[in-house]
2 protein chains.
Amino acid sequence: MEKTIHGRPYIETKKGPILTPCAPNGVLARLGDKWTILVMSILALDPARALRFSEIKNGIPDISQRMLTLTLRNLERDGLVTRHYFAEVPPRVEYELTPMGKTMLPALEGFTGWIRDNWQAIEQARQRFDRAGRS
Amino acid sequence: MEKTIHGRPYIETKKGPILTPCAPNGVLARLGDKWTILVMSILALDPARALRFSEIKNGIPDISQRMLTLTLRNLERDGLVTRHYFAEVPPRVEYELTPMGKTMLPALEGFTGWIRDNWQAIEQARQRFDRAGRS
DNA sequence: TCCATGCGTTACCTCCAGGTAACCGGCAGA
DNA sequence: TCTGCCGGTTACCTGGAGGTAACGCATGGA
């Protein structure tokens, strides 16, 4: 009775299909936030190498110290990134993708390809729509 | 000089790689919002058939009239959905995926598969992290 | 006369992502 | 003694996402 469409579960009723709540929704929401993908991407540049906090920060223009800390904390919590703390002075902290983390971006590849192929069309559609009044 | 990693452009400097601003970021952000994917999904159930506003609303539990209108408006603006208005009484409005819209969810398939395979692991990682104190 | 219908729009409120800025801690070097 | 270094944390503020509720409108049916 429960089927799925593109990975999303739904049920058929006489009144039509109804999408059922889907736990993995939150994962996409996390990805959609402002910095997460950027942090994952820079860690993925050389997955074998751990990066220091400051290296990540330098690699991502405009990210603030606070937002980088928060983003990394969330990724660590999700098991996508590991944090290594070295109690030196001044302190050194290194971040690295976990095995699971290393598989994430490649899985997204199909969709980033779609975006690459379509975002100009989207941009044009927006301009057409906005120009059409309907302000 | 400009390379890409998983579709994301960056440049190499002596101080290390720097990710460059990436327009398509916004597309992912849109997808990450609360309702967009659900609306796309229900329209994709039978891509050949247009759905009425009320059919979509009934198919998505808990979505409010306002949020459905806003979400559809954005999708229309992005050229992913078309709106057909019939000046009957009471009015009838039908929504349908555009050709571009029809290609989006399949492109996302690889990633939804990754989520399906990994979200339990993510859930467990979160619980471990939270239980570990660091409140 | 009154109401239900279908698709909005408007007004209003709350919450949180994200930004800015200052401070901390402990040691090294001037 | 003062300053800089690194990685964080804290306090504070703002904008916008998203929720709730009510109103609008044209007509057909009771």
Side-chain angles (χ1 to χ4, degrees), chain A residues 15-16 21 25-39 42-43 50-78 81-96 129 132-135, chain B residues 15-16 21 25-39 42-43 50-78 81-96 129 132-135:
Chain A
K15 296 187 164 192
N25 252 17
V27 178
L28 248 182
R30 166 69 31 95
L31 268 214
D33 76 9
K34 194 164 179 185
W35 303 109
T36 295
I37 308 200
L38 293 172
V39 172
I42 205 163
L43 286 172
L51 289 184
R52 303 188 56 163
F53 183 89
S54 50
E55 291 178 296
I56 302 175
K57 179 155 167 36
N58 290 334
I60 304 180
D62 294 334
I63 194 172
S64 69
Q65 200 153 318
R66 194 178 88 98
M67 288 316 296
L68 180 53
T69 307
L70 287 178
T71 305
L72 286 167
R73 217 49 98 242
N74 280 328
L75 288 173
E76 191 193 356
R77 186 171 108 99
D78 288 354
V81 156
T82 51
R83 188 182 111 112
H84 307 282
Y85 178 81
F86 301 91
E88 309 168 353
V89 168
R92 180 164 56 101
V93 183
E94 291 185 350
Y95 294 90
E96 193 178 6
F129 185 90
R134 295 294 144 256
S135 76
Chain B
K15 295 187 164 191
N25 252 16
V27 179
L28 247 180
R30 165 72 29 95
L31 268 212
D33 76 8
K34 195 165 179 186
W35 303 110
T36 295
I37 308 201
L38 294 172
V39 172
I42 207 162
L43 287 172
L51 289 183
R52 302 188 55 163
F53 183 89
S54 51
E55 290 179 296
I56 302 175
K57 180 155 166 39
N58 290 332
I60 304 180
D62 294 334
I63 194 172
S64 69
Q65 200 154 315
R66 193 177 88 96
M67 288 317 294
L68 179 53
T69 306
L70 287 179
T71 305
L72 285 168
R73 217 49 97 241
N74 280 329
L75 288 174
E76 192 194 354
R77 187 170 108 97
D78 288 354
V81 157
T82 52
R83 188 182 113 111
H84 306 284
Y85 178 81
F86 300 91
E88 309 167 354
V89 168
R92 180 163 56 100
V93 182
E94 293 185 349
Y95 294 91
E96 192 177 6
F129 186 90
R134 295 297 145 254
S135 75

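Please read these numbers as outputs of a predicted model, since none were measured by experiment.
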Next on the checklist: So A/Arg73, base contact, sugar-phosphate only, or nothing? Heavy-atom distance under 4.0 Å.
Outcome noted: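 Sugar-phosphate, backbone atoms only, no base.
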Could you measure the distance from the [atom1] atom of [X] to the [atom2] atom of [Y]? Nearest 0.5 Å is fine.
{"X": "B/Leu28", "Y": "A/Thr36", "atom1": "CG", "atom2": "OG1", "answer": "10.5 Å"}
{"X": "B/Glu55", "Y": "B/Tyr95", "atom1": "CD", "atom2": "OH", "answer": "12.5 Å"}
{"X": "B/Arg30", "Y": "B/Thr71", "atom1": "CZ", "atom2": "OG1", "answer": "8.5 Å"}
{"X": "A/Met67", "Y": "A/Asp33", "atom1": "CE", "atom2": "CG", "answer": "7.0 Å"}

Checklist entry - Do B/Glu96 and B/Arg83 come within less than 4.5 Å of each other through their side chains, counting heavy atoms only? => result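 Result no, sub-4.5 Å side-chain heavy-atom pair not found.
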Next on the checklist: Is the phosphate of C/dC7 approached by B/Arg52 (side-chain N or O, under 4.0 Å from OP1 or OP2)?
Outcome noted: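 Yes, B/Arg52 has a side-chain N/O under 4.0 Å of OP1/OP2 on C/dC7.
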Next on the checklist: Just N and O in the side chain of B/Ser54: are any of them under 4.0 Å from OP1 or OP2 of C/dC7?
Outcome noted: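 So the side chain of B/Ser54 is within the cut-off, an N or O lying under 4.0 Å from OP1 or OP2 of C/dC7.
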Can you check the [X] [atom1] to [N] [atom2] distance for me, whole Å?
{"X": "A/Gln65", "N": "D/dA11", "atom1": "CD", "atom2": "P", "answer": "17 Å"}
{"X": "A/Leu51", "N": "D/dC6", "atom1": "CG", "atom2": "P", "answer": "15 Å"}
{"X": "B/Phe53", "N": "C/dT5", "atom1": "CZ", "atom2": "P", "answer": "16 Å"}
{"X": "A/Asn58", "N": "D/dC6", "atom1": "CG", "atom2": "C1'", "answer": "12 Å"}
{"X": "B/Leu38", "N": "D/dG18", "atom1": "CG", "atom2": "P", "answer": "12 Å"}
{"X": "B/Ile56", "N": "C/dG6", "atom1": "CD1", "atom2": "P", "answer": "14 Å"}

Item to check | Derivation and outcome, side-chain contact (heavy atoms from CB on, under 4.5 Å), residues B/Leu72 and B/Ile56 | outcome: CA-CA 10 Å; B/Leu72 285 168; B/Ile56 302 175; 4.3 Å; yes
Next on the checklist: One character per nucleotide, please: for nucleotides 12-20 of chain C, 5' to 3', B when the base has a protein heavy atom closer than 4.0 Å, S when only the sugar-phosphate does, - otherwise.
Outcome noted: ------BBB
Next on the checklist: Could you walk me through whether B/Val27 and B/Asp78 satisfy the side-chain contact (heavy atoms from CB on, under 4.5 Å) test, starting with their C-alpha distance in whole Å, then the side-chain angles of each, then the deciding distance to 0.1 Å, before giving a yes or no?
Outcome noted: CA-CA 9 Å; B/Val27 179; B/Asp78 288 354; over 6 Å; no
Checklist entry - Does any residue of residues 83-90 of chain B have a heavy atom under 4.0 Å from DNA chain C, and if so, which ones, in number order? => result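 Here the set is B/Arg83, B/Pro90.
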Checklist entry - Of all residues at least two apart in sequence or in a different chain, which pass the salt bridge (Lys or Arg N to Asp or Glu O under 4.0 Å) check with B/Glu94? => result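 For B/Glu94 the salt bridge (Lys or Arg N to Asp or Glu O under 4.0 Å) partners, ignoring immediate neighbours, are B/Arg92.
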Item to check | Sidechain-backbone polar pair: B/Lys57 side chain, B/Ile63 backbone, donor-acceptor under 3.5 Å | outcome: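 Yes, B/Lys57 side chain to B/Ile63 backbone: donor-acceptor pair under 3.5 Å.
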